[in-house]
Amino acid sequence: MAEPKENVLMEKITSLCKRRGFIFQSSEIYGGIQGFWDYGPLGAELKRNVKELWWSTMTRMRDDVVGLEATIIMHPAIWRASGHVDTFSDPMCDCLLTKKRFRADQIEFQSGNAYHYAGAKDTATGKEVVEPYAVLLAAGKPPESARKTAAQFYAQRGLQTVELIGETVAKVENSQRFNPENGSLLTPPVPFNLMFKTYVGPTATEADVAYLRPETAQAIFAQFKNVHETSRQKVPFGVAQMGKAFRNEVTPRNYTFRSREFEQMEREFFIKPDEAVEAVTAAVATPAAKGHPGEPQPNWGWQLWHQYWVEERIKFYEGIGLPRTTLEEYWQKPEELAHYARACVDILFKFPFGTQELEGIAARSDFDLSQHERCSGKAMGIFDEELRTAFGKLPPQKQTELKDRYYAARLKYLTKMGVSAAEAGAAAQEDADGLAKGQYIPHVIEPSAGVDRLILALLANAFTEVTETDAKGKSETRVVLRFHPRVAPIKVAVLPLLKNKPELAAKARAIFESLRGHMMAFHDEAGSIGRRYARQDEAGTPFCVTVDFETFEGIKDGPQAGVKDTVTIRHRDDGKQERIATSELLPWLLVRVK
RNA sequence: GCGGGUGUAGCUCAAUGGUAGAGCGCUAGUCUUCCAAACUAGUUACGAGGGUUCGAGUCCCUUCACCCGCUCCA
């Protein structure tokens, strides 16, 4: 639970973000709109850096991952196949007495006697309330307690001395219509579909309904065949995509953490089913220890690939300045997993408002491609020459064993999806025979991260207050955002020591111009030098370059005395300065910000 | 959506139903040889809409947003 102190910290971060132009409320001049946020100048740079680092790490720097940029609106059948149309809606009920909210499907089943009432009358004023109500009592409980609860209900509707009207009793078995805590009747389940609906084309009828994507991942599955055929990639390989996604959240909360429009960085990494790995390499490697398993090997099954990606993703977060101590891994328990998932790890960040998820890395079996194969009628499997050759060379009993295991897995999936026993059996047999011929539907490991929550994590992690007492004894607290140079919105600020000395100003301007093509640089000559440093600290700029008199007159003291054309570099986190030649400035900066 | 709380300048906070103010910030200028210096001038607000009242930042209603809880997830 969030302590008051932590709320104060969130308020400070929120206020800084607005003051410095990281994050603004969307549509603020019209009163704002719930669950939508804009990035200001510094926020836009920060976000761009984060996305570029992810894209570079997850695709460009890897031989085995390619990119995709799909549309936000796709064929609505995609969301039926993915399950979002059905399962993305959570029917909710409210307790009529206490207003507490329940997920309709998670209420425990109860049995007993339901006491129904048609309404109630105020014996003092004669006022009548006609509104049906009911209370469930466990068998054997005295009816008086039901009447007491009902009286409370009608009292809330403005009656003083309640006389209940039209009591009837009915036996109830396994009902989810009553509050397990007090027996009060609940409101009828109200469905919430979290997908934003829209209409494609001019007519806006039910037939034109489409949805804004609630995740970017499904496009990767839908385009799997095209990407596979055009990218010259072989399984195992991955497809990465970044982009906006939309969820009509019941309650957006915690600043930008849960927004209705947000951005995801998702990657589907397609791997062979374990049976295929075993056929080719004789045995599937088992995880030896916790931690990074090293370079990918041909004998890796889903477990090692999953572990590999968990570690790779944590390495990424560490590389952009989130220390491992600020992160947590949460391995979902078997009973928490979605029915198709074999494992799921959440990478959590310790936010000021609680430890919350940044990214989920799920081993999703072959569920998604199988679903799209079933629903679209298009084959999603791939052919693997190496597998066919290897399978043919296996001893017959090994062949049978692998086919049986693949058959069992396919049968389980098909049965779960409601395919009739006869059809499922035949289809699973076909799949098992296909495996022997080198065909299979790839399995997938899905690291799925939220950009906006990562931005928030970076801001929270970078936020530092420094209290300093000056020579006059006046103490002042200022904010330093200790961003990793790789993500910092402004990499370097170029400052003339004094504004009114033309040679300093011109030189600073020239240095700034020479840097801006390579990185986000900033030029500032207004105010005292200390004030400008402080401004940059608040923006999280890691380096300030200052042009001073020694730039022209030569270094005064020390081993380099007399050397000209140098500048000072001032470090954000400790205020220390070093002096380097202007000719070396660009390479010096580049190695630190890339 | 329900319950509780909060809305005054970019930020932090004032103003008994009677002329909306301060500090910081920001902009311009003077000055200034390294950590929010000084001086001068300027800048900007009652979340929105109704109502009560001679008069509303203040009282009432509606609405919007934010924070906390229920709920949910990237």
Side-chain angles (χ1 to χ4, degrees), chain A residues 1-4 7-8 10-12 14-21 24-36 40 88 90 92-96 98-104 106 187 190 192 194 214-217 244-260 262-266 346-347 353 356-360 362 446-454 466 468 470-472 474 476-479 495-501 504 526-538 544 546-551 553 556 568 570 572 575-577:
Chain A
M1 293 300 107
E3 298 294 321
N7 296 337
V8 169
M10 266 321 284
E11 275 167 32
K12 283 179 179 172
T14 311
S15 144
L16 176 81
C17 283
K18 173 157 194 206
R19 192 170 80 241
R20 293 312 309 248
F24 304 127
Q25 201 180 5
S26 170
S27 320
E28 195 191 71
I29 59 167
Y30 289 99
I33 175 166
Q34 203 183 18
F36 297 88
F88 225 59
D90 297 320
M92 307 276 207
C93 299
D94 295 333
C95 174
L96 282 166
T98 62
K99 306 291 180 200
K100 185 175 170 176
R101 169 150 294 186
F102 296 88
R103 274 217 11 216
Q106 288 180 352
T187 58
V190 179
F192 283 94
L194 300 184
E215 61 171 42
T216 60
K244 287 289 182 80
F246 304 82
R247 294 187 189 177
N248 208 354
E249 294 292 343
V250 177
T251 313
R253 271 304 153 78
N254 287 329
Y255 200 28
T256 59
F257 183 79
R258 179 173 301 115
S259 303
R260 288 182 166 140
F262 59 104
E263 191 148 13
Q264 291 183 309
M265 305 183 290
E266 294 196 295
D346 293 336
I347 297 176
F353 47 80
Q356 298 273 359
E357 185 181 347
L358 281 183
E359 170 161 353
E446 177 190 277
S448 166
V451 184
D452 308 272
R453 6 181 104 175
L454 177 51
V466 180
E468 276 158 356
D470 64 15
K472 294 169 205 151
K474 193 177 120 191
E476 195 169 59
T477 301
R478 58 197 187 84
V479 173
L495 320 166
L497 183 59
L498 295 176
K499 187 187 180 182
N500 62 351
K501 297 284 184 284
L504 295 190
S528 72
I529 190 71
R531 173 186 295 268
R532 282 176 280 159
Y533 286 150
R535 280 190 199 130
Q536 293 307 316
D537 286 347
E538 227 177 36
C544 287
T546 305
V547 174
D548 60 10
F549 292 92
E550 289 182 52
T551 303
E553 293 162 6
K556 279 186 186 142
T568 62
R570 180 254 189 195
R572 175 194 63 205
K576 293 222 172 74
Q577 293 195 10

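Convention: sequence-line order gives letters A, B, ...; per-chain numbering from 1. No hydrogens, no waters, no symmetry mates; every other heavy atom, side chains included, goes into these values. Nothing here was measured: the structure is a model prediction, and the numbers come from that model.
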For A/L16 and A/K12, run side chain to side chain contact (heavy atoms under 4.5 Å, CB included): C-alpha distance rounded to whole Å, both residues' side-chain angles, the deciding distance at 0.1 Å, then the answer.
CA-CA 6 Å; A/L16 176 81; A/K12 283 179 179 172; over 6 Å; no
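- By the salt bridge (charged side-chain N to carboxylate O under 4.0 Å, His left out) test, A/R20 is found to be paired with A/E538, residues two or more places apart in sequence or in another chain being considered.
- Rounded to an integer number of Å, the gap from A/Y30 OH to B/G49 C1' is 15 Å.
- For A/Q34 and B/C66, the shortest distance from a side-chain N or O to OP1 or OP2 is below 4.0 Å.
- Taking atom CG of residue A/L16 and atom P of nucleotide B/U12, one finds them 11 Å apart after rounding to whole Å.
- Closest-nucleotide positions on RNA chain B for A/E538 and A/Q264 were compared, and the one nearer the 5' end corresponds to A/E538.
- One P atom belongs to B/A41, the other to B/C34, and the distance between them is 28 Å to the nearest Å.
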Sub-3.5 Å pairs of nitrogen or oxygen atoms, protein against nucleotides 60-63 of chain B:
none

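- Under the rule for a ring pair (Phe, Tyr, Trp, His ring centres under 6.0 Å), the partners of A/Y255 that lie at least two apart in sequence or sit in another chain are A/W37.
- Every side chain to side chain contact (heavy atoms under 4.5 Å, CB included) that A/E357 has, sequence neighbours left out, goes to A/D346, A/L348, A/R453.
- If you take atom C1' in B/G55 and the same atom in B/U40, they sit 38 Å apart, rounded to whole Å.
- Residue A/N254 places no side-chain N or O under 4.0 Å from the OP1 or OP2 atom of B/C73.
- With sequence neighbours excluded, the residues that form a salt bridge (charged side-chain N to carboxylate O under 4.0 Å, His left out) with A/E359 are A/R313.
- As judged by a 4.0 angstrom heavy-atom cut-off over every strand, A/Q25 is placed among residues touching the sugar-phosphate backbone only.
- In this pair, A/F549 lays its aromatic ring flat on the base of B/U33, centres within 5.5 Å and planes under 30 degrees apart.
- Residue A/F262 places its side chain closer to B/A74 than to any other of B/C34, B/A74, B/C72.
- Distance noted for atom P between B/U30 and B/A36: 22 Å (whole Å).
- Residue A/S15 is classed as a sugar-phosphate contact, given heavy-atom separations below 4.0 Å to backbone atoms only.
- When the P atom of B/C11 is taken as reference, atom CD of A/E11 falls 13 Å away, rounded to whole Å.
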Parsed dot-bracket for RNA chain B after applying the Watson-Crick and G-U rules with both distances under 3.5 Å and | for other-strand partners is (((((((..((((....[..))))((((((.......))))))...(((((..]....))))))))))))....
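- Between the CD atom of A/E446 and the P atom of B/A74 there is a distance of 9 Å, given to the nearest Å.
- The base of B/C67 has none of its N or O atoms less than 3.5 Å from a complementary donor or acceptor on the side chain of A/R253.
- Here A/D548 does not pair with A/K556 in a salt bridge; the nearest charged N to carboxylate O distance is not below 4.0 Å.
- B/U16 sits 23 Å from B/C54 when the P atoms are compared, rounded to a whole Å.
- A/L454 comes within contact range of no nucleotide atom at all, as no heavy-atom separation falls under 4.0 Å.
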Could you list the protein-to-nucleotides 30-32 of chain B atom pairs, N/O on both sides, closer than 3.5 Å?
| residue | atom | partner | partner atom | Å |
| --- | --- | --- | --- | --- |
| B/U32 | O4 | A/K499 | N | 3.3 |

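- Taking the salt bridge (charged side-chain N to carboxylate O under 4.0 Å, His left out) definition, one finds that A/E215 meets it with nothing, sequence neighbours left out.
- Side-chain atoms of A/R570 and A/L495, non-hydrogen and from C-beta on, never get closer than 4.5 Å to each other.
- The CD atom of A/Q577 sits 6.0 Å away from atom OG1 of A/T546, with the distance rounded to the nearest 0.5 Å.
- Between A/V479 and A/G32, the residue whose closest nucleotide on RNA chain B is further toward the 5' end is A/V479.
- For A/R260 (side chain) and A/Q34 (main-chain N/O), a donor-acceptor pair under 3.5 Å exists by modelled atom type.
- Contact annotation for A/E263: no contact, since no heavy-atom pair falls under 4.0 Å across all strands.
- As judged by a 4.0 angstrom heavy-atom cut-off over every strand, A/G21 is placed among residues making no nucleic acid contact.
- Comparing B/C59 with B/G42, their P atoms sit 34 Å apart, to the nearest whole Å.
- Atoms CD1 (A/I347) and P (B/C73) sit 19 Å apart, rounded to a whole Å.
- Of the possible polar contacts, one joining the A/Q264 side chain to the A/T216 backbone as a donor-acceptor pair under 3.5 Å is found.
- Qualifying side chain to side chain contact (heavy atoms under 4.5 Å, CB included) partners for A/K501, counting only residues two or more places apart in sequence or in other chains: A/L498, A/E503, A/L504, A/F549.
- A donor-acceptor contact shorter than 3.5 Å links the side chain of A/R247 to the backbone of A/P214.
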Distances for protein N/O vs nucleotides 23-25 of chain B N/O pairs under 3.5 angstrom?
| residue | atom | partner | partner atom | Å |
| --- | --- | --- | --- | --- |
| B/G25 | OP1 | A/R531 | NH1 | 3.3 |
| B/G25 | OP1 | A/R531 | NH2 | 3.4 |

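- In this structure, A/E28 reaches neither bases nor backbone, as no heavy-atom distance under 4.0 Å exists between it and the strands shown.
- Side-chain atoms of A/R570 stay outside donor-acceptor range of the base of B/C34, with no qualifying N/O pair under 3.5 Å.
- Taking atom CZ of A/R260 as the reference point, atom C1' of B/C72 lies 12 Å away to the nearest angstrom.
- Distance noted for atom P between B/C60 and B/G18: 16 Å (whole Å).
- At a cut-off of 3.5 angstrom, counting only N and O atoms as typed in the model, there is a donor on one side and an acceptor on the other between the side-chain of A/E249 and the base of B/A74.
- Residue A/T256 is classed as having no contact, given no heavy-atom separation below 4.0 Å to the nucleic acid.
- With rounding to the nearest 0.5 Å, the separation of CZ in A/R532 from CG in A/L497 is 7.0 Å.
- Residues meeting the salt bridge (charged side-chain N to carboxylate O under 4.0 Å, His left out) test with A/D452, sequence neighbours left out: A/K47.
- In this structure, A/L495 places its CG atom 16 Å from P of B/U33, rounding to the nearest Å.
- Looking at A/T568, its side chain comes within 3.5 Å of the base of B/C34 through a donor and an acceptor atom.
- Taking CD of A/Q536 as the reference point, atom CZ of A/R572 lies at 11.0 Å (rounded to 0.5 Å).
- Among residues two or more places apart in sequence or in another chain, the side chain to side chain donor-acceptor pair (under 3.5 Å) test is passed with A/R531 by none.
- The P atoms of B/A28 and B/A15 are separated by 34 Å, rounded to the nearest whole Å.
- In the interface, the side chain of A/R20 is not paired with the base of B/G10 through any donor and acceptor atom under 3.5 Å apart.
- Protein atom CZ of A/R453 is 10 Å distant from nucleotide atom C1' of B/C72, rounded to whole Å.
- Spacing of P atoms, B/G57 relative to B/U71, comes out at 41 Å, to the nearest Å.
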